[in-house]
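This is a predicted model, so every value here is computed, not measured.
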Amino acid sequence: MTHEIAVIPGDGIGQEVTPAAVEVLEAIETVDFEFTEADAGDAVKAETGEALPQETRDLAADADATLFGAAGETAADVILPLRQVVGSFANIRPAVAYPGLDALQPDTDLVFIRENTEGVYKGIESEITDGVTTCTRVITEEASEKIAEFGFDYAKQNGYDVTIAHKANVMRTTDGLFLDTAEAVGQDRGAEYDTALMDALAMHLVQRPEEYGVVICPNLAGDMLSDLAAGIVGGLGLLPSANVGEENALFEPVHGSAPDIAGEGVANPSAMILSAAMMLDHFGYDEEGDRVRAAVESVLESGPRTPDLGGDASTDAVTAAVVDEL
Ligand code: ATP
């Protein structure tokens, strides 16, 4: 069976790390992919006036899955609609400390299960009058229930404890609903779980991440807590993610377009390659997904390494080492 994959490298280092993931997937002989590339982001906007051309939307909608690199200034106009196009409601962001790397906390093995459709990312903002602005935060029972069910299932399948992150003491109505709904899902299943205020949780994740596993979060909290976790495991170049819907899915690194290093050929391709491994899992190729993770892990441990991890290797050299390892 051939899986049709939309490949959208986007801007900045997206152009460098996305081909690395494709190269690794092409090296797996037991799985057949057909890759079709499309444009999105700042560069195509400058050319055509549109950051997310209709043909790119259509390609992602019709593909079996999408690999997305990064978008620059136009990120909100690209990735938010793309997540909708593939119908994703859950953003899975694992943050793992790999052996041999100088992680702040070497015992970190976290998975953020981030609600992916609402919260402040609805983009409902207004300027009431000069100097006064508002943002409407949307939390629904339906979306909260869906992400909590997904999070509890994921934790059970993968052997993690569950923590529900919230700020219901301040956002009493919106996070009150999120918390009550997620707790009800846990109780219905007879599952064990903890709840944590997201600000205190940020501190505890830095101090003792080994006490946590799956963290079920509202949208913005999931974005921020997973970047924080990137910091404790060794940087954004290491964190993959999956945006999962009922039928379709999109895989992307947690990092952005990194304009400070774009074009230099030194971006760490690990996050993007690990996102491709999540795509293999998604299609049921667990063994192949594990092989890719093991290859990345081995290269992270013994090198070559890109400059963000203290090495001086190029993106291409690290990618070649991962392919060799496979
Ligand atoms: P966004 O708003 O799109 O999430 P951002 O402002 O968080 O983007 P990133 O583009 O993710 O910024 O980059 C943040 C920092 O991390 C930069 O210094 C960048 O160079 C570094 N960085 C991000 N990804 C990588 C990578 N793959 N390899 C090396 N360094 C990276």
Evaluate side chain to side chain contact (heavy atoms under 4.5 Å, CB included) for Phe178 paired with Ile147, printing each intermediate quantity in order.
-> CA-CA 10 Å; Phe178 181 83; Ile147 196 67; 3.9 Å; yes
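- Distance alone, capped at 3.5 Å, places no donor-acceptor pair between the Arg137 side chain and the Val120 backbone.
- Residues meeting the salt bridge (Lys or Arg N to Asp or Glu O under 4.0 Å) test with Lys45, sequence neighbours left out: none.
- Qualifying salt bridge (Lys or Arg N to Asp or Glu O under 4.0 Å) partners for Arg208, counting only residues two or more places apart in sequence or in other chains: Glu211.
- Pairing each heavy atom of Ala60 with each of Val86, the nearest pair is O-CG1, 4.1 Å.
- Counting only distance, with no hydrogens or angles, the side chain of Asn243 and the backbone of Leu250 share a donor-acceptor pair below 3.5 Å.
- Summarising the local packing, CD of Glu127 is surrounded by more than 12 heavy atoms from other residues, nucleotides or ligands at distances under 6.0 Å.
- Side-chain atoms of Thr18 do not come within 3.5 Å of backbone N or O of Gln15 as any donor-acceptor pair.
- Atom CG of Asp286 has more than 12 heavy atoms from other residues, nucleotides or ligands within 6.0 Å.
- Using a 4.5 Å cut-off between side-chain heavy atoms of Ile, Leu, Val, Met, Phe, Trp and Tyr, Met198 forms no hydrophobic cluster with any other residue.
- Among all heavy-atom pairs drawn from Leu197 and Ala168, the shortest one is CD2-N, 4.4 Å.
- With a 6.0 Å radius and a threshold of 12 heavy atoms from other residues, nucleotides or ligands, Asp180 has its CG atom above the threshold.
- A ring pair (Phe, Tyr, Trp, His ring centres under 6.0 Å) check over residues 116-145, counting only residues at least two apart or in different chains, returns nothing.
- Residues Val215 and Val111 fail the side-chain proximity criterion, which asks for heavy atoms closer than 4.5 Å.
- Between the side chains of Asp58 and Gln54, at least one donor N or O lies within less than 3.5 Å of an accepting N or O.
- Distance alone, capped at 3.5 Å, is enough to place a donor-acceptor pair between the Glu115 side chain and the Glu118 backbone.
- Using a distance-only test at 3.5 Å, with no hydrogens or angles considered, a donor-acceptor pair links the side chain of Asp175 to the main chain of Lys167.
- Remark: Gln207 CD is packed, more than 12 non-hydrogen atoms of other residues, nucleotides or ligands lying under 6.0 Å away.
- For CE of Met171, the number of neighbouring non-hydrogen atoms (other residues, nucleotides, ligands) closer than 6.0 Å is greater than 12.
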Which is it for Thr36 and Ile5 under the side chain to side chain contact (heavy atoms under 4.5 Å, CB included) test, yes or no, and what are the steps along the way?
-> CA-CA 6 Å; Thr36 310; Ile5 308 300; over 6 Å; no
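- Put simply, the side chain of Ile92 reaches to within 4.5 Å of the side chain of Val244, judged on heavy atoms.
- Between atom CD of residue Gln187 and atom CD of residue Glu192 there is a gap of 12.5 Å, rounded to the nearest 0.5 Å.
- Looking only at side-chain heavy atoms (C-beta outward), Leu228 and Val206 come within less than 4.5 Å of each other.
- Side-chain contact between Arg189 and Glu149 is present, with at least one heavy-atom pair separated by less than 4.5 Å.
- When the salt bridge (Lys or Arg N to Asp or Glu O under 4.0 Å) test is applied to Glu246, the partners found at least two apart in sequence or on another chain are Lys146.
- Ring planes of Phe33 and Tyr285: perpendicular class, angle over 60° (limits at 30 and 60°).
- For the residue pair Glu288 and Thr30, a side-chain donor N or O sits within less than 3.5 Å of a side-chain acceptor on the partner.
- The ring pair (Phe, Tyr, Trp, His ring centres under 6.0 Å) analysis of residues 81-107, with sequence neighbours excluded, yields the pairs Phe89-Phe150.
- No hydrogens or angles considered: a donor-acceptor pair under 3.5 Å links the side chains of Asn91 and Arg93.
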I would like to know whether Asp161 and Tyr193 meet side chain to side chain contact (heavy atoms under 4.5 Å, CB included); could you show each step before the answer?
-> CA-CA 7 Å; Asp161 293 338; Tyr193 64 86; over 6 Å; no
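- Side-chain polar atoms of Thr181 and Glu141 form no donor-acceptor pair below 3.5 angstrom.
- Counting heavy atoms from C-beta on, the side chains of Val31 and Leu25 never come closer than 4.5 Å.
- Counting only heavy atoms from C-beta outward, the side chains of Pro240 and Pro94 approach each other to under 4.5 Å.
- Thr48 places a side-chain N or O within 3.5 Å of a backbone atom of Val44 that can act as its donor or acceptor partner.
- Applying the salt bridge (charged side-chain N to carboxylate O under 4.0 Å, His left out) definition to pairs two or more places apart or across chains, none involves residues 61-78.
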Begin from the C-alpha positions of Glu252 and Ser275 and carry the test side chain to side chain contact (heavy atoms under 4.5 Å, CB included) through to its verdict.
-> CA-CA 6 Å; Glu252 56 168 333; Ser275 304; 5.5 Å; no
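- Applying the salt bridge (charged side-chain N to carboxylate O under 4.0 Å, His left out) test to residues at least two apart or on different chains, the pairs with a partner in residues 289-299 are Asp281-Arg293, Asp290-Arg293.
- Residue pairs meeting the salt bridge (charged side-chain N to carboxylate O under 4.0 Å, His left out) criterion with at least one member in residues 303-317: none, sequence neighbours excluded.
- No hydrogens or angles considered: nothing links the side chains of Thr163 and Asp194 as a donor-acceptor pair under 3.5 Å.
- Val132 belongs to a hydrophobic cluster whose other members, connected by ILVMFWY side-chain contacts under 4.5 Å either directly or through intermediates, are Ile128.
- A donor-acceptor contact shorter than 3.5 Å is absent between the side chain of Ser257 and the backbone of Gly12.
- Counting heavy atoms from C-beta on, the side chains of His255 and Val17 come closer than 4.5 Å.
- Applying the salt bridge (Lys or Arg N to Asp or Glu O under 4.0 Å) criterion to Asp109, with sequence neighbours excluded, gives no partner residue.
- Among residue pairs with one or both ends in residues 14-32, none qualify as salt bridge (charged side-chain N to carboxylate O under 4.0 Å, His left out); sequence neighbours excluded.
- Proximity of a side-chain donor or acceptor of Thr315 to a complementary backbone N or O of Gly265 within less than 3.5 Å is detected.
- Across all non-hydrogen atoms, the minimal contact from Ala65 to Asn248 is CA-OD1, 3.6 Å.
- Applying the 6.0 Å contact sphere to CD of Glu210 captures more than 12 heavy atoms from other residues, nucleotides or ligands.
- Residue Ser270 comes nearest to Gly237 through the heavy atom pair CB-O, 3.5 Å, listed as atom of the first residue, atom of the second, then distance.
- For the pair Thr56 (side chain) and Asp39 (backbone), a donor-acceptor distance under 3.5 Å is present.
- Between the Thr195 side chain and the Ile164 main chain, no donor and acceptor come within less than 3.5 Å of each other.
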